[in-house]
Amino acid sequence: MENNFDTIVAIITPIAHGAVGIIRISGDKAYDIAQRIFSRPIKPKMINYGHIVSDNQKIDEVILLPFKSPHSYTGEDVIEIQCHGSYVILDEILNIIISKGARIAQKGEFTKRAFLNHRIDLSQAEAVLDIIESKSQKSAHNALNNLGGYLKQKINIIKSDITELYSKIIASVDFPEDVQEVDNETVVTICNDNISKIDDIINNSKSHDFIRDGISACLIGKPNVGKSSLFNALLNYNRAIVTDIAGTTRDTIKETLNIDGYLINFIDTAGIRNENISDKVEQIGIQNSISTIEDSDIVLFLFEKNLSEIDKNLLEKAKNKKIIFTKTKSDIYPYVSTDNDNITNIISVSSVTNGGINDLKCAILKIIKEFIPNDTNYTTNMRQISCLKAAKNYLQNVVEAVNLGDFCDLYSNDLKSAIMSLGEISGEVLTDTILDDIFSNFCIGK
Ligand SMILES: Nc1nc2c(ncn2[C@@H]2O[C@H](COP(=O)(O)OP(=O)(O)O)[C@@H](O)[C@H]2O)c(=O)[nH]1
Ligand SMILES: [Mg+2]
């Protein structure tokens, strides 16, 4: 290996009682240390069965998996020991390994080494964290695609296009007799093409946020319309307090539901009334409801029979949102009235019989699919998006400079900066601070 690091060790399974717990050792001394504590000669590329032994005492019966550099998670020599999942045993074995010369791994250090040893690039390292943290199947699936290099390939296509342009321009400046100058039209076309590819990724990033963090859907409507009951029916358990006393829900309550692999953050709010409400806590709750509408992607607008004047005023506040009109208490008010002017697609629900709850979930899913269009088989994070925005800015500078008639030696630096910004995504160009920031978010053992 090109990098020469010390040997690190950590328990890589959660600290809890379970059938199996795994300890990973990585580094030059991994085999040597393992052999000194294992009861049998370690056979490479084999599943080894034996005991961990210290001072002639058996500590645990284990399975030991040896990986030879570079064919391991970190790219270094790696030993993984599957012990019984008792924290006492795991801790004892960990301490024995440390006493033989390994050091306890820092957060994310195994993945950091995989990156530093060129096993994966930075976008793939970030994907490892995304997989661990994913809260829905779709989110895990996208992160897995990134680990396989999905985002990396997209960025590489853009980067190699700009790099080729940059090289031709530099060559034509350095060797004017041998290399033909790149004409302005070609420069502008290549830059604009790549700006639009970058835009596609940036525009899709909102969808990636939706997939990773979920879409928020708030329940709005007058007191006693049945918001908390519907909230509970959607979640399928009694999360919010339900009474027939107006003003029962004073604070907003948030719970996440996974529907068909997508996360929806439902928010129950305090009912909104127009009268002079004397209770200060309830007043604050109502203010919170109004700002919840602003922060939500979808508004479930609840009414019992007809929309009142207050409801109509409130609708104003939600006019830029995706609204699902939800008629509540269909068990006692079964007919959809006709005087709900201009409102179509009303979904009738009952939190008592659960009638219509599935239709409501389907309507929410339909909107989610509008929010998450096109190519969303990968994910991006804020760091990657800010690198892409920087690259886009540099390319726009180039286009502007060409249109102003500047010479290529004036804009070639911007091209180079665009390449550098894209290089930051994969980690070719990076600082220790970026590295520390990324890997400090990992858990020990990853
Ligand atoms: N029959 C019937 N009663 C309901 C339904 N949903 C809510 N309620 C009743 O309406 C009252 C107010 O419900 P709640 O969910 O607290 O309304 P909120 O103030 O909008 O949160 C309670 O007495 C509920 O039992 C429903 O679908 N059918
Ligand atoms: Mg309520």
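Ligands are counted one by one from 1 in listed order, and the atoms in each one are counted from 1 as well.
Ligand 1 has an N or O atom lying under 3.5 Å from an N or O atom of Asp331, backbone or side chain. For ligand 1, none of its N or O atoms has an N or O atom of Leu230 under 3.5 Å away. At least one N or O atom of Ser228 sits closer than 3.5 Å to an N or O atom of ligand 1.
Remark: among candidates Lys222, Lys227, Glu304, the nearest residue to atom 18 (P) of ligand 1 is Lys227, based on non-hydrogen atoms.
The pair Glu304-Lys222 counts as a salt bridge, with a side-chain nitrogen and a carboxylate oxygen less than 4.0 angstrom apart. With respect to Arg113 and Glu109, a salt bridge is recorded, a charged nitrogen being found less than 4.0 Å from a carboxylate O.
For Ile332, every heavy-atom contact with ligand 1 shorter than 4.0 Å involves the side chain, none the backbone.
Separation of atoms CD1 (Ile79) and CD1 (Ile37) is listed at 9.0 Å; rounding is to 0.5 Å. Note that CG of Asn117 is 7.5 Å distant from OG of Ser69, once rounded to the nearest 0.5 Å.
Every heavy atom of Gly221 sits 4.0 Å or more from the atoms of ligand 1.
The contact set between ligand 1 and Gly226, taken as ligand atoms under 4.0 Å from a residue heavy atom, comprises 7 (C), 13 (O), 14 (P), 15 (O), 17 (O), 18 (P), 20 (O). Near Ser350, the atoms of ligand 1 lying under 4.0 angstrom from a non-hydrogen atom of the residue are 27 (O).
For the Mg ion (ligand 2), the set of nearby N, O or S atoms under 2.8 Å includes none belonging to Thr269.
A distance-only check finds no donor-acceptor pair linking the side chain of Arg212 to the backbone of Ser134 [under 3.5 Å].
A side-chain donor from one of Asp297 and Ser216 sits under 3.5 Å from a side-chain acceptor of the other.
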Could you walk me through whether Phe266 and Leu230 pass side-chain contact (heavy atoms from CB on, under 4.5 Å), step by step? CA-CA 10 Å; Phe266 284 108; Leu230 180 59; over 6 Å; no
